[in-house]
Amino acid sequence: MGYHPCVKSTPILVVFFCQACLVIDFIRPVQQPEFNELTPDDPTEGGESGATGSTGSTGSSGPTGTSGPVPAAWVLGLGSLSVGRVTDHGFLAELPVTNDTNGNAQVTLRLCNRTDAPGCDPSSGAGVGMLRVGQVVFAVIDELEPPDDGGDLLAVVVEATDPDGLPVLQPGAALTASVRLATARHLYRSVGTSATAVAAGSPALKLDVTGRFARFSSPLPDGVGVGDALVYDSDGDALVDALAIVHARHGSEKLSVRAPGGGAANQTLTATQDFEIRRAYLRLQDTVTATENAYLPAPLRNFDTWSASFDLVGANVAVHFACYDGPPDTGNSFFPTTWVTGPANGVHIFTPFELGHVGTSQRHDGTFNRGYRRSNELRAAINHLWIEGLAIETTDNRGIFIYQAPGPELAVDISDTIVHLLGPAGTAAFDTYDNAGAQTSNGNAIYRLWNDVAVVDQAGDGFLMNDDWSTYLMYSLTAAVLGPGSAFLCSPSGHPSWTCVLRNALGYAPSGNTFQVTGGIDHCAANDAPGLSFTGDPSNRSGQAFTFRGVSDYRLSPADAGARGRGANLTNAVQFSFSRDVEGEKRPEPPAAWDIGADQTPPAD
């Protein structure tokens with residue numbers, strides 16, 4: 001069956017048709033980088049020339065006048081290499097670096113193509129210097145061209161040195177990776193409700209497009225990111241005549257850009273101040289009908305040629321709709337069955353937050369105060385869909401409604417998303433439904449939900465899983481239902497192949513039932529009295545009192561005793577793994593327990 005998760009517990013998340021679990025494909029979630037939180041100073045800030053020892057050694061001599069093992073603060077600390085967001089022409093690599101207070105460590109990423117040259121040594125390949133942001137270095141590889149073709153297997157290695165002499169502490173195996181380039185062309189489009197340009201040229205801010213890159217003479221705003229439309233003067237006549245799409249951000253003065261179809265962007269004859277950067281679309285619904293931002297120059301619009309019908313498989317593309325912070329998106333959005341998707345040709349609707357995508361995270365903080373927000377439901381009747389990082393607050397019956405037409409059903413992912421149904425009464429914050437009929441098997445759909453929050457003010461359910469013949473993997477979710485209804489309703493009648501697995505689910509339904517679930521329930525917590533609607537694994541906890549941070553804020557309070565520290569650590573979960581919470585904050589490393597629910601409250605919060 002296609003699109004089935006097969007994920008290793010290493011920092012390289014591996015998915016899709018991966019019987020051997022060795023490659024990365026399409027848009028499935030990557031293992032988010034594990035940021036090392038230690039911040040000791042270099043032993044001699046500005047010059048550690050007394051330190052000696054070879055890479056990988058922990059027992060070499062220390063600074064001048066010392067001997068014996070090198071203390072941890074005298075070693076350049078490297079975390080494990082994380083690779084993800086793989087496309088047909090690149091990927092994102094991140095690596096934590098500690099103890100380099102003066103910031104002069106040199107970290108280089110090298111790669112080689114093992115499809116074209118089996119057994120090649122990546123350390124002998126061309127090097128790309130990794131950029132530093134705080135205690136993380138990253139590289140956006142976004143300009144690969146033939147002979148590095150889609151589907152090729154790349155070997156990647158990272159090398160680090162410190163000019164001041166700090167030895168490197170890290171086993172070499174943790175600094176290598178294998179990356180399988182996607183076979184489909186990956187297209188990015190941004191969505192933002194503001195009519196204002198996010199950047200504009202001036203005598204102090206000029207643009208030069210050379211090769212795959214757009215370079216700027218001074219820093220761009222932090223809100224510029226993937227999917228944005230760059231319109232500019234390419235021929236030097238002071239008239240805007242070209243449009244390119246941002247595919248990656250390499251710091252504040254350099255972007256990867258491509259033509260809307262994925263080919264090379266028009267080059268500039270000379271540096272120009274005649275340019276603007278705008279969101280490609282003003283509403284998410286506009287992406288469905290290819291109605292581009294009306295504030296883009298008319299001669300350069302209509303760069304997307306699909307309509308309400310879009311055969312992604314036939315075009316061999318995957319699309320990423322990057323949704324940005326701003327006033328709420330007020331229109332309904334519906335992705336219809338006339339959008340034809342496949343395992344490598346899916347739709348990714350997300351809010352950018354990662355290095356290489358945007359300067360400052362555009363995602364919510366676990367509440368509805370910022371991020372890409374919607375005031376109407378999002379509906380979809382397509383497969384191979386990943387919804388990530390949205391905030392929906394609505395009086396509609398539903399927040400997210402996924403329903404499947406007859407035909408093969410394969411996979412839908414929903415992560416890091418919060419839905420608040422304001423009332424007066426609704427169906428469910430998250431709702432899935434089988435449009436083919438209760439007795440029809442559509443090919444065993446797989447739904448994966450993690451780090452999602454459902455809030456229902458009056459009547460309705462939090463998570464209503466109602467798609468027959470499907471498998472639901474539901475991890476680290478929070479559901480608060482204040483009126484009649486269930487926090488989690490996944491109770492098939494007479495369909496043995498309908499499976500629900502809940503892990504680390506927090507259910508709060510003081511006026512209804514918390515868990516109405518037939519299936520596996522592990523390390524979950526409910527406010528219900530013991531035995532009311534909550535049975536299963538001995539680790540489950542019923543009759544709990546939860547402490548949240550505030551009204552309509554269902555992140556856990558530091559004072560909570562009902563869910564904090566009572567969850568299973570899913571860093572190495574078999575079905576799929578992740579390492580952060582709905583806010584993007586790091587969860588504890590194994591074997592430490594996680595908090596139950598979507599939110600992990602740091603000790604200092």
Could you tell me whether the side chain of Asp329 and the main chain of Leu284 form a donor-acceptor pair under 3.5 Å? yes
With distance as the sole test, does Gln267 use its side chain to make a donor-acceptor pair with the main-chain N or O of Gly211 at under 3.5 Å? yes
Salt-bridge contact Lys254-Glu143 (side-chain N to carboxylate O under 4.0 Å): no
How long is the straight-line distance from CG of Leu390 back to OG of Ser415, given to the nearest 0.5 Å? 9.5 Å
Do Leu230 and Leu207 have side chains that get closer than 4.5 Å, going by heavy atoms? yes
Testing the basics here: between Ala242 and Leu300, what is the closest heavy-atom pair and its distance to 0.1 Å? O-CD1, 3.5 Å
Can you name the nearest heavy-atom pair linking Pro221 to Val198, along with the distance? CG-O, 3.3 Å
Test your reading of the model: is there a side-chain donor-acceptor pair from Arg212 to the backbone of Ser256, 3.5 Å cut-off? no
Leu385 vs Ile349, side chain to side chain contact (heavy atoms under 4.5 Å, CB included): CA-CA, chis, key distance, verdict: CA-CA 8 Å; Leu385 170 68; Ile349 303 169; 4.1 Å; yes
Check this for me: does any side-chain nitrogen of one of Asp325 and Arg373 sit under 4.0 Å from a carboxylate oxygen of the other? yes
Within-4.5 Å side-chain heavy-atom neighbours: Pro122 and Arg114: yes
Are Leu154 and Ile141 packed together at the side-chain level, in the sense that at least one heavy-atom pair is separated by less than 4.5 angstrom? no
Going through the distances and angles, do Arg279 and Asp228 end up as a salt bridge (Lys or Arg N to Asp or Glu O under 4.0 Å)? CA-CA 5 Å; Arg279 305 304 185 206; Asp228 282 341; 2.8 Å; yes
Just by distance, do the side chain of Thr417 and the backbone of Ile414 share a donor-acceptor pair under 3.5 Å? no
Is the NZ or CZ atom of Arg379 positioned over Phe401's six-membered ring, under 6.0 angstrom from the centre and within 45° of the axis? no
Distance col, row Phe368:CZ vs Ile418:CD1, nearest 0.5 angstrom, shows 4.0 Å
Measure across Ala229 and Leu243 and return the closest heavy-atom pair with its distance rounded to 0.1 Å. CB-CD1, 4.3 Å
Could you check whether any side-chain N or O of Thr394 sits under 3.5 Å from a backbone N or O of Ser375, counting only pairs where one atom can act as donor and the other as acceptor? yes
For the OG atom of Ser217 and the CD atom of Glu253, what is their distance to the nearest 0.5 Å? 8.0 Å
Side-chain contact, heavy-atom cut-off 4.5 Å: Leu355 with Val140? no
Main-chain N/O of Ala308 paired to Thr338 side chain as donor or acceptor, under 3.5 Å: yes
Do the side-chain N and O atoms of Tyr295 and Glu276 include a donor-acceptor pair separated by under 3.5 angstrom? no
Any ion pair linking Asp413 and Arg448 (charged N to carboxylate O, less than 4.0 Å)? yes
May I ask you to test the Asp416-Trp450 pair for a side-chain heavy-atom distance under 4.5 Å? yes
Quick one: CZ on Arg374 to SG on Cys323, what's the gap to the nearest 0.5 Å? 8.0 Å
Keeping Arg185 on the side-chain end and Gly261 on the backbone end, is there a donor-acceptor pair under 3.5 Å? yes
Counting distance only, does the side-chain N/O of Asp233 pair as donor-acceptor with the main-chain N or O of Asp274 below 3.5 Å? no
Flag, side chain of Ser218 to backbone of Ala204, donor-acceptor distance under 3.5 Å: yes
Is it the case that Asp241 and Ser234 place a side-chain donor and acceptor less than 3.5 Å from each other? yes
Output for pair (Thr270 OG1, Asp237 CG), nearest 0.5 Å, gives 12.0 Å
Once you measure the plane-to-plane angle for His348 and Trp386, does it fall in the parallel (<30°), tilted (30-60°) or perpendicular (>60°) bin? parallel
Does any N or O in the side chain of Ser190 come within less than 3.5 Å of the main-chain N or O of Gly227, such that one atom is a donor and the other an acceptor? yes
Do Phe321 and Tyr372 make the cut of ring centroids closer than 6.0 angstrom? no
Report the C-alpha distance between Phe275 and Leu205 in whole Å, list the side-chain angles of each, state the deciding distance to 0.1 Å, and finish with yes or no for side chain to side chain contact (heavy atoms under 4.5 Å, CB included). CA-CA 10 Å; Phe275 75 89; Leu205 180 58; 3.7 Å; yes
CG/Asp396 to CG/Asn376 distance, rounded to the nearest 0.5 angstrom? 5.0 Å
With under 30° as parallel and over 60° as perpendicular, where do the rings of Tyr188 and Phe350 fit, or are they tilted in between? perpendicular
Charged N to carboxylate O under 4.0 angstrom, Arg249 versus Asp222? yes
Would you please test Leu175 and Leu95 for side chain to side chain contact (heavy atoms under 4.5 Å, CB included) and show each step? CA-CA 9 Å; Leu175 301 180; Leu95 182 75; 3.7 Å; yes
Which word best sums up how the rings of His247 and His89 line up, parallel for under 30°, tilted for 30 to 60°, or perpendicular for over 60°? tilted
Nearest heavy-atom pair of Val231 and Pro297: which atoms, and what distance? CG1-CD, 4.0 Å
Distance-only donor-acceptor check, side chains Thr268 and Asp208, under 3.5 Å: yes
Ile277 side chain reached by Phe216 side chain, heavy atoms, under 4.5 Å: yes
Ala391 and His364: which non-hydrogen atoms are nearest, and at how many Å? CB-CD2, 4.3 Å
Do the non-hydrogen side-chain atoms of Asp304 and Glu292 ever get within less than 4.5 Å of each other? yes
Val319 versus Arg189: any side-chain heavy-atom pair under 4.5 Å? no
Please name the pair of heavy atoms, one in Leu570 and one in Ser476, separated by the smallest distance, quoted to 0.1 Å. CD1-OG, 4.0 Å
Using the rule given for salt bridge (Lys or Arg N to Asp or Glu O under 4.0 Å), can you reason through Arg580 versus Glu354, listing the C-alpha separation, both sets of side-chain angles and the distance that settles it, and then say yes or no? CA-CA 13 Å; Arg580 295 186 175 272; Glu354 292 179 330; over 6 Å; no
Should Leu255 and Leu220 be marked as a side chain to side chain contact (heavy atoms under 4.5 Å, CB included) after you check the CA-CA gap, both sets of side-chain angles, and the distance that decides it? CA-CA 10 Å; Leu255 305 174; Leu220 292 169; 3.8 Å; yes
Please work out whether the ring planes of Phe335 and Trp339 are parallel, tilted or perpendicular, with thresholds of 30° and 60°. perpendicular
